[in-house]
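Written below as structure tokens is the structure these notes are about.
Since the model is a prediction, treat every value here as computed from it, not as a measurement. Lettering of chains follows the sequences in order, A, B, ..., and the numbering in each one begins at 1.
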Number of protein chains: 2
Amino acid sequence: MTLDSETKAVELPEDHADELRLWLRLLTCTTLIEGEIRSRLRERFDVTLPRFDLMAQLDKAPDGMTLSDVSKRMMVSNGNVTGLVERLVESGHLDRRTSDTDRRVQVIRLTKLGRAEFRKMAAEHETWIADIFGDLTEKDVRELMRLLAKTKGSAQKAVQRRQD
Amino acid sequence: MTLDSETKAVELPEDHADELRLWLRLLTCTTLIEGEIRSRLRERFDVTLPRFDLMAQLDKAPDGMTLSDVSKRMMVSNGNVTGLVERLVESGHLDRRTSDTDRRVQVIRLTKLGRAEFRKMAAEHETWIADIFGDLTEKDVRELMRLLAKTKGSAQKAVQRRQD
DNA sequence: CCTAAACATTTTAGACTTAAAACATCTCGA
DNA sequence: TCGAGATGTTTTAAGTCTAAAATGTTTAGG
């Protein structure tokens, strides 16, 4: 290996066009699917995607979650969750109470109504997803799962590096 | 094949848990990476992601684009583009003029300032993407590209079916 | 030529989103 | 126990986003 080829990697700008294209394709896929789910949720149930997502988190936590938990799980800001929860409490889908052991903490749960409505939506939602990913074989799905897991790990390390 | 096994596929709810997990993982990856890019754009250039994305579209179109074109390419609503463009014209990054041949149409371009600033941001942006996807091998990238292309096609067909 | 439909954009009303600051509460060590 | 820092939530200001209605312009068919 010559000196030139060694320094090249360090000094000359490398070509990352492939990674850039990959990122744009990933973004396109997600935006496309998200938009479709959003449309169907509105048409069929007159509900927004963020509300559905929040209810989905709570459906998996019968004992409730704190706002911080929700914020971390949904990867959105704290303030965002505050407003979302406010509207869902208002509409009777959520119950909010201050924790008995720590008065800073708000614990939220699905109400009976909220759970019932969510379950109906979730059942249909699952068929939409199956429809949207319908062209993929089982092997495709497995392979995508594997590669996206690797991607997620790679991205998390990049986030970590920046925060150091 | 028995009658039971034939009717099963039609009448009984199928299990689409894998596709659902795949969708959630796809969404997680995109949200994670999008958040990271957003943070770095803000920290480093004090610019928002939608503005960067809009400038990226225009950088590829030296002769300008109509608002409709931009709206379709970015997969966002028309009204959204109107506001985004307004702010970027205000800050001197974009030039907007009514088409000579069709007074309904607004043609927007990067100004000299806009192009210069975008090029600086884009160069750094590309290194961030390379960093974020750094753990993937060339083969991983190729395979992801292929599977996401298939996913996109599948999703587009689902959108089409609904709109019929 | 006229006008109905198509098209491009803007406006409107409301929801979502973020980052940062403010506020409230808790924890822990001196 | 007292106060400093950590933690959980809300508030604030600004921007992004959508769907739907409104506005302005063009195009085509009669």
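Of the two residues contacting DNA chain D, namely A:R42 and A:L67, the nearest-nucleotide position lying further toward the 5' end is that of A:L67. The residue among B:T101 and A:D69 whose nearest nucleotide of DNA chain D lies closer to the 5′ end is A:D69.
When DNA chain C is scanned 5' to 3' for any atom under 4.0 Å from a heavy atom of chain A, the first and last hits are C:dA15 to C:dC26.
B:V47 and B:L58 end up in the same hydrophobic cluster when Ile, Leu, Val, Met, Phe, Trp and Tyr side chains are linked at under 4.5 Å.
The shortest distance between the side-chain N/O atoms of B:R51 and the OP1/OP2 oxygens of D:dA14 is not below 4.0 Å.
When distances are taken from the side chain of B:R103 to each of D:dG15, D:dT26, D:dT10, the shortest belongs to D:dT26.
For the pair A:L49 CG and D:dT18 C1', the computed distance is 12 Å after rounding to whole Å.
Taking every heavy atom of both residues into account, B:G114 and B:M55 meet most closely at O-SD, 4.1 Å.
In this structure, CG on B:L147 lies 12.0 Å from CG on A:L26, to the nearest 0.5 angstrom. B:L27 contributes atom CG, which lies 9.5 Å from atom CE of A:M74 (distance to the nearest 0.5 angstrom).
Between the side chains of B:T66 and B:Q106, no donor N or O sits under 3.5 Å from an acceptor N or O. Between the side chains of B:D102 and B:S99, not a single donor N or O lies within less than 3.5 Å of an accepting N or O. Residues B:D95 and B:T111 bring no donor and acceptor atom of their side chains to less than 3.5 Å of each other.
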Quiz item: Yes or no on side chain to side chain contact (heavy atoms under 4.5 Å, CB included) for A:L94 and A:R109, after CA distance, side-chain angles and deciding distance?
Solution: CA-CA 6 Å; A:L94 259 56; A:R109 294 164 217 272; over 6 Å; no
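The side-chain heavy atoms of A:L67 and A:N78, taken from C-beta on, include no pair separated by under 4.5 Å.
Over its full length, the helix from C:dC1-D:dG30 to C:dA30-D:dT1 turns its helical axis through 10°, comparing axes from the five pairs at each end and rounding to 10°.
Note: A:F52 and A:F45 fail the aromatic proximity criterion, with ring centroids not under 6.0 Å apart.
Here A:D131 pairs with B:R161 in a salt bridge; the nearest charged N to carboxylate O distance falls below 4.0 Å.
Contacts between residues 74-82 of chain A and DNA chain D, defined by a heavy-atom separation under 4.0 Å, are made by A:N78, A:G79, A:T82.
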